[in-house]
Amino acid sequence: MRAIDVVGSAIGNSFRSRLRTTLTVLAIFIGAFTLTITNGLGTGINAYITDTVASIGANDVLTVTKVSPDATTTGPQEYSADQITSGGGAAGGAAGRTTVAAITPADLTTIAAIDGVTSVEPSLSVTPDYVTTGSSKKYRLGLGSFVTGTTLQLSAGAQLDPASSERQIALPVSFVAPLGFASDADAIGATVHIGITDAAGTSSVIDATVVGVSEAGLGATGNATANTALTTALYDAQSVGRSATAKDSYAQAVVHFDANASASEVTALQARFTDAGFTAKTVADQIGTFKSVIDAIVLVLNAFAVIALLAASFGIVNTLLMSVQERTREIGLMKAMGMGAGRIFGLFSIEAAFIGFLGSAIGAGIAMIVGTVVSRALSTRLFANLPGLHLISFTPASIITIILIVMGIAFLAGTLPAWRAARQDPIESLRYE
Amino acid sequence: MSHPILAAYDLKKSYGRGPNRFDALKGVTLEIFAGESVAIVGKSGSGKSTLMHLLALLDKPSTGSVELGGSDTATLKGKRLNETRNKTFGFVFQQFFLTPGASVLENVVLPLKIAGIASRSRKLRGHAALERLELDDKARSKANALSGGQKQRAVIARALVNDPRIIFADEPTGNLDSATGAIVEDILFGLNREQGITLIIVTHDEDLAERCDRRVYIRDGLVVSEEARVAA
């Protein structure tokens with residue numbers, strides 16, 4: 001028998017008992033549908049994270065912290081005067097509260113001397129009190145400092161200029177209306193007053209020019225962003241009354257390296273930092289934490305979908321065993337007429353794979369439709385403040401992979417009945433009543 | 001005299017072991033020549049079906065040999081055995097063994113499909129076989145829509161479609177009324193006469209056996225008598 005005839009007959013046979021095939025396909029459909037949705041969820045969220053990487057940090061930047069001498073011990077740590085409690089920088093994501101040793105000017109010199117470092121700057125942690133236009137009410141303000149190479153997702157205006165001596169600020173979009181601006185574009189060019197309290201408790205005001213309005217996103221969670229000139233001015237105002245030592249110790253530093261460095265070169269660079277007693281994290285490392293959490297959740301969801309598919313595969317075994325039983329005489333006749341056992345095996349296992357294909361193709365198709373509709377509805381309502389997030393999205397490769405995996409499972413499920421059919425004795429089969 | 005087309009020499013076949021051992025055939029020697037019609041006659045349990053299965057190469061004898069066209073078939077294995085059965089033999093069974101949901105034409109071309117013949121050529125040869133049995137108008141009907149006689153004619157068309165040299169018929173008229181049975185018999189003997197197809201009929205029906213050139217009587221696994229047709 002020709003291979004094309006084997007496939008044709010197998011497909012024809014699967015339609016012979018329509019109700020039974022339909023029920024089996026339905027069981028696979030449920031598994032494939034779930035698998036497609038959970039996969040789409042992972043794809044959608046991870047794609048969103050990747051899209052917003054640019055707003056979290058540049059790709060030629062390392063965030064460096066100094067390893068505390070006793071950071072490796074577990075349990076309560078002994079207090080040390082030169083430790084700084086870092087609550088995770090605005091740009092650093094939620095890394096939790098970790099105690100790190102302070103970076104001193106001497107450390108900065110050490111870092112600058114490390115091979116591969118093109119520049120180093122301390123990251124100044126400033127905590128302003130409020131922002132106002134003068135005529136508006138005063139609003140609490142969180143501020144992240146701008147790292148060269150970072151791209152903000154702007155709804156109006158331009159990127160901050162780190163080299164400019166002008167004190168520039170990019171306001172989050174949620175501040176536009178409360179501060180009394182008519183629109184995002186209206187805010188550009190306006191001067192805002194930022195209040196800050198120094199160590200002695202004296203309040204001072206620094207003026208800044210609004211150059212951009214940033215979209216809310218994972219990377220910019222409601223914080224305004226300042227350029228170097230503004231950050232320095234605020235830091236100086238904040239540090240009035242502090243000792244020079246306290247002023248010159250920083251929680252973390254930002255290191256720039258060659259933007260063309262390969263992944264292995266970056267790893268080598270990070271190793272050199274580790275040897276020198278620092279922890280250096282790339283943006284990818286920080287994003288990686290997000291992604292691995294999402295991936296773990298998707299993996300668990302996928303496991304449930306695979307369990308559903310395993311249950312469905314027993315349905316296939318059952319369906320085909322009944323089929324083999326019903327077609328005993330037909331199988332016997334085909335063998336008597338000279339059909340080889342291999343071809344009989346192929347006939348039944350391909351039928352199983354075809355049932356798997358039907359279930360997975362329909363399941364994936366409907367999952368794509370449902371996922372797209374749900375995702376669209378959610379992004380205009382529940383996730384309206386996270387522009388660009390498509391909760392569920394699909395890639396052709398993952399859909400094809402799902403269909404192939406389901407077909408593979410179905411094929412495996414079909415091997416037991418197919419093997420039974422293949423080893424049937426034609427004489428016994430023809431005697432079967 | 002020429003070689004027999006199909007021959008069995010001292011065929012023995014037993015099932016089971018020890019006290020459960022059952023000897024279905026106890027040493028049967030039989031020669032069948034091209035163009036002959038031979039009836040293998042016996043009651044149920046006589047071993048006639050076992051003999052047919054061995055002759056049709058569906059089973060292997062415990063001892064003894066089956067020769068096809070002068071060569072021993074014991075060496076035929078796997079693919080070559082399947083090909084030989086497919087090309088040389090046609091089968092007509094009492095219970096028809098038609099696939100009920102498939103069309104008559106699809107049922108008839110099954111041996112060609114197994115042989116790996118292309119779809120277009122299958123169709124042509126299937127229609128030709130059906131025409132010879134005056135069943136071409138039913139080609140598109142479902143097999144279970146046919147009457148008993150039509151079904152048996154479709155089965156004969158299926159047995160014929162691959163131009164076999166030998167047709168095995170196992171109680172070909174067992175499920176038919178006598179009028180329809182007579183028509184089916186006429187068709188089978190017509191093929192034997194006109195096309196020289198060797199006919200091997202397994203039956204316990206004396207009237208059908210009477211019409212064959214030769215009758216081989218089997219009882220308890222042995223040939224008890226052989227007689228040529230009494231000249232009418």
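Chain letters run A, B, ... following the sequence lines, proteins first and then strands; every chain starts at 1.
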Side chain, backbone, both or neither of [X] within contact of chain A (heavy atoms, under 4.5 Å):
{"X": "Ala118(B)", "result": "both"}
{"X": "Arg122(B)", "result": "side chain"}
{"X": "Lys113(B)", "result": "both"}
{"X": "Phe91(B)", "result": "side chain"}
{"X": "Ile117(B)", "result": "backbone"}

Is any residue of residues 4-28 of chain A within less than 4.5 Å of chain B by heavy atoms, and which ones?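 Listed by number: Asp5(A), Ser9(A), Arg16(A).
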
Taking non-hydrogen atoms and a cut-off under 4.5 angstrom, which of residues 339-371 of chain A neighbour chain B?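 Under the 4.5 Å heavy-atom cut-off, Met339(A), Gly340(A) qualify.
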
Can you name the nearest heavy-atom pair linking [X] to [Y], along with the distance?
{"X": "Asn82(B)", "Y": "Lys335(A)", "result": "OD1-O, 4.4 Å"}
{"X": "Ala336(A)", "Y": "Arg85(B)", "result": "O-NE, 2.9 Å"}
{"X": "Leu333(A)", "Y": "Phe93(B)", "result": "CD1-CE1, 3.6 Å"}

Decide if atom [atom1] of [X] counts as having more than 12 heavy atoms of other residues, nucleotides or ligands within a radius under 6.0 Å.
{"X": "Phe314(A)", "atom1": "CZ", "result": "no"}
{"X": "Lys79(B)", "atom1": "NZ", "result": "no"}
{"X": "His127(B)", "atom1": "NE2", "result": "yes"}
{"X": "Asp220(B)", "atom1": "CG", "result": "no"}

What option among Leu112(B), Leu98(B), Ile114(B), Asn86(B) has the most heavy-atom pairs under 4.5 Å with chain A?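 Option with the top pair count is Ile114(B).
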
Gap separating the CZ atom of Phe97(B) from the CE atom of Met334(A), nearest 0.5 angstrom: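 Taking CZ in Phe97(B) and CE in Met334(A), the distance rounds to 13.0 Å.
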
Gap between atom CE of Met337(A) and atom CG of Leu58(B) - 0.5 Å precision: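 The CG atom of Leu58(B) sits 11.0 Å away from the CE atom of Met337(A).
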
